[in-house]
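Here the structure is laid out as structure tokens; the discussion comes afterwards.
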Amino acid sequence: MSFYRPDHLSDALEIAAQGPGKIVAGGTDLYPSAKQGQRPEFYLDITAVQELRRVRFTQTGTHIGAGVTWSALVAADLPPAFDALKAAALEIGSVQIQNAGTVVGNLCNASPAADGVPALLALDAAVEILSTARGTRIVPLDRFITNVRQTDLAGDEIVTGIRIPPQPGNMRSAFEKLGSRRYLVISICMTAANIACDDQGCIEEARIAVGACSPVAQRLSTLEGRLIGQRPADIEVTPEDLAPLCPINDVRGSAAYRMDVVAEQVARAVRKAAVS
């Protein structure tokens with residue numbers, strides 16, 4: 001077994017093409033997720049590739065490189081539409097984890113309780129993937145994570161970044177998380193809301209995503225459509241609004257408890273985003 005840490009993306013792609021290997025972008029979940037008796041042919045650490053360690057702004061939106069850590073994201077000068085993502089970043093592990101762990105690593109780990117996923121879904125994010133054989137392809141985030149710990153990533157491909165389209169200037173966002181304690185905890189459930197209101201204070205665009213209540217985080221499209229034209233203070237969340245969710249019973253909480261909490265989280269996140 002070999003370990004590689006190249007400085008250039010071209011070198012990383014050549015190594016990945018030799019697969020199957022394990023790509024490392026922070027490595028905070030590398031050992032906890034390892035299975036006894038199983039190991040990849042090589043580890044490929046991409047965090048030394050400088051071109052992947054930047055947050056860039058272009059006419060087509062915001063690009064978060066695969067090597068951008070949670071701490072770097074929090075420090076980046078981003079508009080209010082990204083406040084939910086920054087709030088999620090501050091909930092991920094300890095400061096040491098935030099300094100090492102990356103936004104893209106959180107996606108590729110594909111945990112149902114990945115705190116960054118709902119906020120990125122609410123930003124309409126897409127995943128940028130590169131390989132020597134097929135070049136670049138862009139996959140919407142809601143199609144990239146396919147199931148628990150599963151993604152639409154081939155063995156010779158590297159996720160090079162996250163693409164986020166331009167956000168409306170009046171869009172604000174908020175993030176709500178429930179855990180059994182304040183820090184260093186796996187989410188029981190979490191909600192991200194991106195809300196834009198018109199001059200009369202009514203919702204004109206809504207994007208709401210919930211994590212840890214289904215195998216893959218889900219947008220609540222029915223609720224999003226129903227909120228248009230409403231005042232945030234007047235919203236009510238119904239069981240029909242939460243139909244895409246299918247939470248489980250586990251040691252952190254029952255399915256019924258999660259559904260009750262999410263209904264309240266959604267209302268709080270929408271109202272908080274609307275007044276921020």
Using 0.5 Å steps for rounding, measure from the [atom1] atom of [X] to the [atom2] atom of [Y].
X: L153; Y: S131; atom1: CG; atom2: OG; result: 9.5 Å
X: I158; Y: L52; atom1: CD1; atom2: CG; result: 8.0 Å
X: L107; Y: L120; atom1: CG; atom2: CG; result: 5.5 Å
X: D142; Y: D124; atom1: CG; atom2: CG; result: 8.5 Å
X: M259; Y: C246; atom1: CE; atom2: SG; result: 9.0 Å
X: L130; Y: T136; atom1: CG; atom2: OG1; result: 4.5 Å

Are [X] and [Y] packed together at the side-chain level, in the sense that at least one heavy-atom pair is separated by less than 4.5 angstrom?
X: L178; Y: Q265; value: yes
X: E264; Y: E176; value: no
X: V237; Y: V270; value: no
X: S2; Y: E41; value: no
X: L78; Y: V55; value: yes
X: D115; Y: I92; value: yes
X: P118; Y: T191; value: no

- Task: Take D198 and N170 through the test side chain to side chain contact (heavy atoms under 4.5 Å, CB included) and record every step on the way to the result.
- Result: CA-CA 8 Å; D198 61 22; N170 63 339; 6.0 Å; no
Judged by atom type as modelled, is there a donor-acceptor pair below 3.5 Å linking the side chain of [X] to the main-chain atoms of [Y]?
X: E224; Y: I208; value: yes
X: R271; Y: I235; value: yes
X: S173; Y: P80; value: yes
X: N194; Y: L123; value: no
X: D11; Y: P6; value: no
X: R258; Y: I188; value: yes
X: N249; Y: A255; value: yes
X: Q218; Y: V216; value: yes
X: E91; Y: K177; value: no

Just wondering, are more than 12 heavy atoms of other shown residues or ligands nearer than 6.0 Å to [atom1] in [X]?
X: R134; atom1: CZ; answer: yes
X: K22; atom1: NZ; answer: no
X: R137; atom1: CZ; answer: yes
X: R39; atom1: CZ; answer: no
X: N147; atom1: CG; answer: yes

**Asked** Can you tell me if T160 and E128 form a side-chain donor-acceptor pair at under 3.5 Å?
**Response**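 Yes, a side-chain donor-acceptor pair sits under 3.5 Å.
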Shared ILVMFWY cluster between [X] and [Y], side chains joined below 4.5 angstrom?
X: I97; Y: L85; value: yes
X: V24; Y: I15; value: no
X: V262; Y: I195; value: yes
X: L245; Y: L121; value: no
X: V266; Y: F175; value: no

- Task: Identify which one of V148, V117, I186 satisfies the side-chain contact (heavy atoms from CB on, under 4.5 Å) criterion when paired with P112.
- Result: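 Option passing the side-chain contact (heavy atoms from CB on, under 4.5 Å) with P112: V148.
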Residue pair [X] / [Y]: nearest heavy atoms and the distance that separates them:
X: T47; Y: R5; value: OG1-NH2, 3.2 Å
X: C197; Y: E204; value: O-OE2, 4.0 Å
X: D152; Y: I129; value: O-CD1, 3.8 Å
X: A12; Y: L44; value: O-CD2, 3.4 Å
X: R172; Y: A273; value: CB-O, 2.9 Å
X: D156; Y: A133; value: OD2-CB, 3.9 Å

Would you please name every residue forming a ring pair (Phe, Tyr, Trp, His ring centres under 6.0 Å) with Y43, sequence neighbours left out?
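Y43 satisfies ring pair (Phe, Tyr, Trp, His ring centres under 6.0 Å) with no other residue.
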Criterion side chain to side chain contact (heavy atoms under 4.5 Å, CB included) on V127 and V159, from CA distance to verdict: CA-CA 7 Å; V127 181; V159 174; 3.5 Å; yes
Review point. Where do I46 and V104 land on the side chain to side chain contact (heavy atoms under 4.5 Å, CB included) test, with the steps shown first?
Key: CA-CA 11 Å; I46 63 172; V104 163; 6.0 Å; no
- Task: Quick one: do T58 and H63 satisfy side chain to side chain contact (heavy atoms under 4.5 Å, CB included)? Show the steps, please.
- Result: CA-CA 8 Å; T58 69; H63 184 276; 5.7 Å; no
Please list every donor-acceptor pair under 3.5 Å in which a side-chain atom of residues 64-77 meets a protein atom from a residue at least two apart or in another chain.
unit_1: T69; atom_1: OG1; unit_2: A72; atom_2: N; d: 3.1
unit_1: W70; atom_1: NE1; unit_2: T102; atom_2: O; d: 3.4
unit_1: S71; atom_1: OG; unit_2: Q98; atom_2: O; d: 3.2
unit_1: S71; atom_1: OG; unit_2: N99; atom_2: N; d: 3.3
unit_1: S71; atom_1: OG; unit_2: N99; atom_2: OD1; d: 2.5

Let me have the donor-acceptor pairs involving side chains of residues 29-37, under 3.5 Å, with sequence neighbours excluded, atom names and distances please.
unit_1: D29; atom_1: OD2; unit_2: N109; atom_2: ND2; d: 2.9
unit_1: S33; atom_1: OG; unit_2: D29; atom_2: O; d: 2.7
unit_1: S33; atom_1: OG; unit_2: L30; atom_2: O; d: 3.1

key: Set of salt bridge (Lys or Arg N to Asp or Glu O under 4.0 Å) partners for R252, sequence neighbours left out   =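 Expected list: D250.
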Check: Residues two or more places apart in sequence or in another chain: which of them pass side chain to side chain contact (heavy atoms under 4.5 Å, CB included) with E205?
Finding: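 Here the qualifying residues are P168, M171, A196, R207.
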For residues 227-234, which side-chain N or O atoms pair as donor and acceptor with protein atoms under 3.5 Å away, sequence neighbours left out?
unit_1: Q230; atom_1: NE2; unit_2: R226; atom_2: O; d: 3.0
unit_1: R231; atom_1: NH1; unit_2: Q200; atom_2: O; d: 2.6
unit_1: R231; atom_1: NH2; unit_2: Q200; atom_2: O; d: 3.2

